[in-house]
Amino acid sequence: MTAATPWLSLLFPMYRVEPWVGACIASLKPQLDEGVELVFVDDASPDNSAALVEQALPQARVIRLPSNQGVSAARNRLLQEARGDHLWFIDPDDLVEPGVIPRLKALLQRHDPDLLTCDFRAFDDGPSTASTKPRHRHIASFDGPSGIVMDDVDLRLRGFFVHGQFHPWSKVVRRSCWPADLRFPEGRVFEDMALFPRLALHTARHLHVAEVWIAYRQRQGSLLSALDVKRLDDWTLSLDGYAAELPPLGDDARFEIAHFCARTLLRAKRRRLQLGGEALAGLKTDAERFDRSSPLTRRELTAAYFRRGRWLRGLQWWLNA
């Protein structure tokens with residue numbers, strides 16, 4: 001870290017967040033120092049989000065896109081604009097917990113990781129009667145050791161795929177580790193699922209902090225409950241070809257990646273059967289994408305379920321894959 005280079009770039013893709021961006025800014029402002037760069041990309045939002053940011057954070061750079069291009073394009077522009085040694089994408093409708101930025105700085109200075117991951121909490125957007133879901137106080141983003149630097153790719157990939165939490169805002173990445181040709185796929189959803197498992201192959205020094213650093217706002221409606229044909233295609237496309245990109249891995253890592261791919265395939269199949277009609281045409285493509293995503297074949301995964309004593313899961317997979 002040098003005086004001329006920010007030690008951290010906080011990167012915000014912004015679209016229709018006027019009701020919430022003020023709370024996000026308020027959670028951040030007491031924690032900032034001169035080495036933190038703030039960059040917002042306004043994705044042609046029709047509200048006053050950009051003006052609110054400029055008023056509340058005069059030190060921030062606000063970049064306005066001429067037309068709405070989607071969150072992936074906004075994040076890719078943020079990657080292009082970022083100058084900091086480390087990058088952290090934060091959604092401007094979420095909150096940063098108190099004391100997190102100084103804590104992050106101390107950990108980066110002490111451990112010098114390529115990738116730092118944190119946990120988060122979720123809260124409902126609206127009155128308590130708006131949802132029957134429980135309010136989660138602590139959601140883990142990684143299954144593995146906390147507070148130590150890990151350089152074992154098996155531990156890293158296994159730990160990520162156990163929980164499948166590939167959100168950008170639970171990961172702080174060294175900018176120099178981000179490959180120039182690895183970008184968020186534009187025009188698609190599940191863009192984080194397409195990118196972060198691949199980015200994890202380029203971040204050798206990983207530090208997980210099992211602390212809640214982000215409060216994730218659960219706004220009404222979810223991506224999974226609104227899956228149409230286009231979104232289903234994006235979902236199963238996200239890890240297409242991943243198996244060929246993987247280095248040699250141990251049994252546990254291979255199993256967890258395959259299990260994650262299998263859950264995606266079965267959930268996508270269930271949704272296609274619910275939709276019927278043109279959605280059914282994608283069943284064969286989804287299965288082919290599983291074969292290119294999973295490091296285990298369908299038969300190998302069935303055997304792995306039974307070997308691990310997961311009989312019901314193995315039977316479900318054998319009957320439905």
Side-chain angles (χ1 to χ4, degrees), residues 4-22 24-25 27-29 32 35-96 101 104 114-116 166-203 214 216-217 219 223 230-231 234 237-238:
T5 303
W7 67 269
L8 177 65
S9 292
L10 295 178
L11 307 175
F12 303 83
M14 189 162 54
Y15 184 74
R16 291 185 182 270
V17 291
E18 183 178 356
W20 309 286
V21 67
C24 179
I25 292 170
S27 74
L28 273 172
K29 284 183 76 171
L32 300 176
V36 177
E37 175 187 51
L38 301 162
V39 189
F40 291 77
V41 164
D42 176 22
D43 191 19
S45 185
D47 60 13
N48 294 316
S49 301
L52 288 174
V53 171
E54 289 173 330
Q55 181 178 7
L57 291 171
Q59 73 271 40
R61 281 192 290 148
V62 179
I63 298 160
R64 289 178 166 85
L65 299 184
S67 61
N68 179 254
Q69 300 175 37
V71 67
S72 287
R75 287 187 180 135
N76 289 338
R77 180 62 182 273
L78 286 163
L79 279 172
Q80 177 184 331
E81 297 287 340
R83 300 176 304 201
D85 287 324
H86 293 83
L87 311 179
W88 192 3
F89 285 97
I90 295 175
D91 287 347
D93 54 352
D94 294 339
L95 308 174
V96 180
I101 302 298
L104 170 62
D114 299 324
L115 171 67
L116 184 147
F166 295 118
H167 316 96
W169 33 259
S170 62
K171 297 158 187 66
V172 181
V173 185
R174 189 192 303 275
R175 182 162 59 99
S176 62
C177 291
W178 203 303
D181 60 350
L182 184 59
R183 293 295 181 264
F184 294 93
E186 299 187 11
R188 287 161 49 186
V189 294
F190 296 100
E191 71 288 340
D192 47 0
M193 184 171 152
L195 185 138
F196 281 98
R198 292 176 164 95
L199 184 59
L201 301 175
H202 300 275
T203 49
I214 291 287
Y216 165 62
R217 188 185 302 273
R219 290 157 66 177
L223 186 60
K230 169 64 166 61
R231 289 177 173 181
D234 289 349
L237 179 60
S238 59

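Note that these values count all heavy atoms, side chains included, but never hydrogens, waters or copies made by symmetry.
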Do [X] and [Y] have side chains that get closer than 4.5 Å, going by heavy atoms?
X    : Y    : answer
R16  : S49  : no
K171 : T203 : no
P46  : Y15  : yes
V41  : P13  : no
F40  : R64  : no
P179 : L199 : yes
R75  : E191 : yes
L28  : F12  : yes

Minimum heavy-atom separation for [X] and [Y], please, with both atom names.
X    : Y    : answer
R183 : L195 : C-CD1, 3.4 Å
S72  : P185 : OG-O, 2.9 Å
N68  : A44  : N-CB, 3.4 Å
R188 : K230 : CA-NZ, 4.1 Å
V173 : W178 : CG1-CE3, 3.9 Å

Check whether [X] reaches the backbone of [Y] with its side chain - one donor and one acceptor, N or O, closer than 3.5 Å.
X    : Y   : answer
D42  : S45 : yes
W20  : C24 : no
D47  : V17 : yes
R175 : R83 : yes
S9   : G84 : yes

From [atom1] ([X]) to [atom2] ([Y]), nearest 0.5 Å:
X    : Y    : atom1 : atom2 : answer
R217 : D94  : CZ    : CG    : 7.0 Å
Q80  : L11  : CD    : CG    : 12.0 Å
Y216 : D93  : OH    : CG    : 8.0 Å
R77  : I63  : CZ    : CD1   : 5.0 Å
L57  : I25  : CG    : CD1   : 4.5 Å
S170 : L116 : OG    : CG    : 10.0 Å

Next item on the list: For D192 and W169, run side chain to side chain contact (heavy atoms under 4.5 Å, CB included): C-alpha distance rounded to whole Å, both residues' side-chain angles, the deciding distance at 0.1 Å, then the answer.
Entry: CA-CA 10 Å; D192 47 0; W169 33 259; over 6 Å; no
Notebook entry, point to check: Under 6.0 Å from the CD atom of Q55, do we count more than 12 heavy atoms belonging to anything else shown?
Noted result: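 Result for CD/Q55: open.
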Next item on the list: Apply the side-chain contact (heavy atoms from CB on, under 4.5 Å) test between L10 and each candidate in L32, L87, V172, V96; give the one that qualifies.
Entry: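 Exactly one option meets the side-chain contact (heavy atoms from CB on, under 4.5 Å) with L10, and it is L32.
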Note to self: Between F89 and F196 (judged by ring centroids, cut-off 6.0 Å), do the two rings come close enough to count as a pair?
What the structure shows: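 Centroid separation for F89 and F196: 6.0 Å or greater.
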